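Some notes on the structure that comes next.
These numbers come from a predicted model, not from an experiment. Every heavy atom of this structure was used, including side-chain atoms; hydrogens, water molecules and symmetry mates were not.
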Amino acid sequence: MTTNQGPEDYLAVISDIIQQGAHDPLSSDLERSLRLSDGSVESEEVTETVGRPEVLVLPKRIPCECPGEMFIILRDDVPEESVIIEFITENEWIRIEPDFWNQKVRFIKALDFPAGFVNVNIYCGGDIKATVQIEYYSTVGEFEQILQKVADPIAFACQVSCSVH
């Protein structure tokens, strides 16, 4: 997913994840084997569920040049005006109320930050529900990192331009 994609794409991905249900990567069925004193093996099925996150923030990486929108997907229904998003950097602390999409989804135009990491706190009804870290990146910086990984940047650029045509 990228910030260039529309809200319907985000919702389609979330719907697919929800519909998969039994294939939830956060829960798993384990089979535990016990070796008894007579040498026989007895097994039992154990269901282990790891707590699902309260909040999902998408995207996790945002381009500085065109930040686009951010979506906050809540696990539970939350009343319209009870969600606050807090952005914290070394130099700034910004609290905003996101726009309402529905009881479980909020969205905002991503704020303009320089390249680097930004801590984001999500409050629901005054209680902190999640703390996540998102990354702002510059396109030039991304391109520079790619070029540094290539032994011959000129040959790489030629290869890229040839594959485009």
Side-chain angles (χ1 to χ4, degrees), residues 1-30 46-151 153 156-157 160:
M1 299 294 308
T2 68
T3 57
N4 296 334
Q5 292 175 278
E8 59 280 349
D9 294 329
Y10 284 101
L11 292 177
V13 168
I14 298 303
S15 296
D16 288 346
I17 291 168
I18 291 170
Q19 289 173 357
Q20 291 175 1
H23 306 298
D24 184 358
L26 297 177
S27 66
S28 62
D29 290 332
L30 304 173
V46 178
T47 301
E48 181 182 274
T49 303
V50 177
R52 295 183 315 170
E54 294 274 333
V55 179
L56 179 64
V57 176
L58 295 174
K60 296 276 188 197
R61 296 187 77 232
I62 299 172
C64 297
E65 293 83 7
C66 181
E69 293 182 317
M70 287 179 62
F71 293 87
I72 296 85
I73 295 106
L74 307 161
R75 182 175 63 186
D76 302 316
D77 287 353
V78 176
E80 186 170 342
E81 296 181 8
S82 66
V83 177
I84 300 291
I85 303 173
E86 182 177 69
F87 295 87
I88 303 169
T89 67
E90 288 182 19
N91 304 324
E92 293 184 78
W93 177 75
I94 301 169
R95 290 183 83 153
I96 61 171
E97 188 176 314
D99 293 321
F100 182 81
W101 182 286
N102 63 34
Q103 294 295 331
K104 291 187 179 185
V105 179
R106 304 301 195 278
F107 69 99
I108 60 168
K109 179 175 179 354
L111 300 180
D112 189 17
F113 286 109
F117 292 97
V118 176
N119 292 315
V120 180
N121 295 323
I122 292 86
Y123 293 88
C124 296
D127 297 327
I128 192 161
K129 292 294 182 185
T131 298
V132 298
Q133 190 174 64
I134 58 175
E135 181 183 7
Y136 278 78
Y137 67 92
S138 71
T139 306
V140 172
E142 289 283 300
F143 189 63
E144 183 179 317
Q145 285 181 347
I146 291 169
L147 290 177
Q148 287 175 354
K149 292 179 184 177
V150 176
F156 176 75
V160 170

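For the pair R61 and Y137, the distance from NZ or CZ to the six-membered ring centre is under 6.0 Å and the angle to the ring normal is within 45 degrees.
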Which side-chain N or O atoms in residues 112-122 pair as donor and acceptor under 3.5 Å with protein atoms at least two apart or in another chain?
unit_1 : atom_1 : unit_2 : atom_2 : d
N119   : OD1    : Q133   : NE2    : 3.3
N121   : OD1    : T131   : OG1    : 2.8
N121   : ND2    : E86    : OE1    : 2.7

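Closest non-hydrogen pair, R75 versus E54, comes out as NH2-OE2, 2.6 Å. Contact between I134 and P59 at its shortest, heavy atoms only, is CG2-O, 4.0 Å. Of all non-hydrogen atoms in K129 and V55, the two that sit nearest each other are CB-CG2, 3.9 Å. For the residue pair I96 and F87, the shortest heavy atom distance occurs at CD1-CE1, 3.9 Å. What you find for V140 and E65 is that their closest heavy atoms are N-OE2, 4.2 Å. Across Q103 and F100, no two heavy atoms sit closer than the pair N-CZ, 3.6 Å.
A 4.5 Å side-chain heavy-atom check between R106 and W101 finds every atom pair outside the cut-off. At least one side-chain heavy atom of L58 sits less than 4.5 Å from a side-chain heavy atom of I73. For the pair V83 and L74, the minimum side-chain heavy-atom distance is below 4.5 Å.
Classification of K109 and E69 as a salt-bridged pair fails, no side-chain N sitting under 4.0 Å from a carboxylate O.
Remark: E97 pairs with no residue by the salt bridge (charged side-chain N to carboxylate O under 4.0 Å, His left out) rule, at least two apart or across chains.
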Begin with the C-alpha distance, continue with both residues' side-chain angles, and end with the deciding distance and a verdict on side-chain contact (heavy atoms from CB on, under 4.5 Å) for K60 and V132. CA-CA 9 Å; K60 296 276 188 197; V132 298; 3.9 Å; yes
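To the nearest 0.5 Å, the span separating CD1 on I72 from SG on C124 amounts to 10.0 Å.
Environment of CD in E90: sparse, with no more than 12 heavy atoms of neighbouring residues, nucleotides or ligands closer than 6.0 Å.
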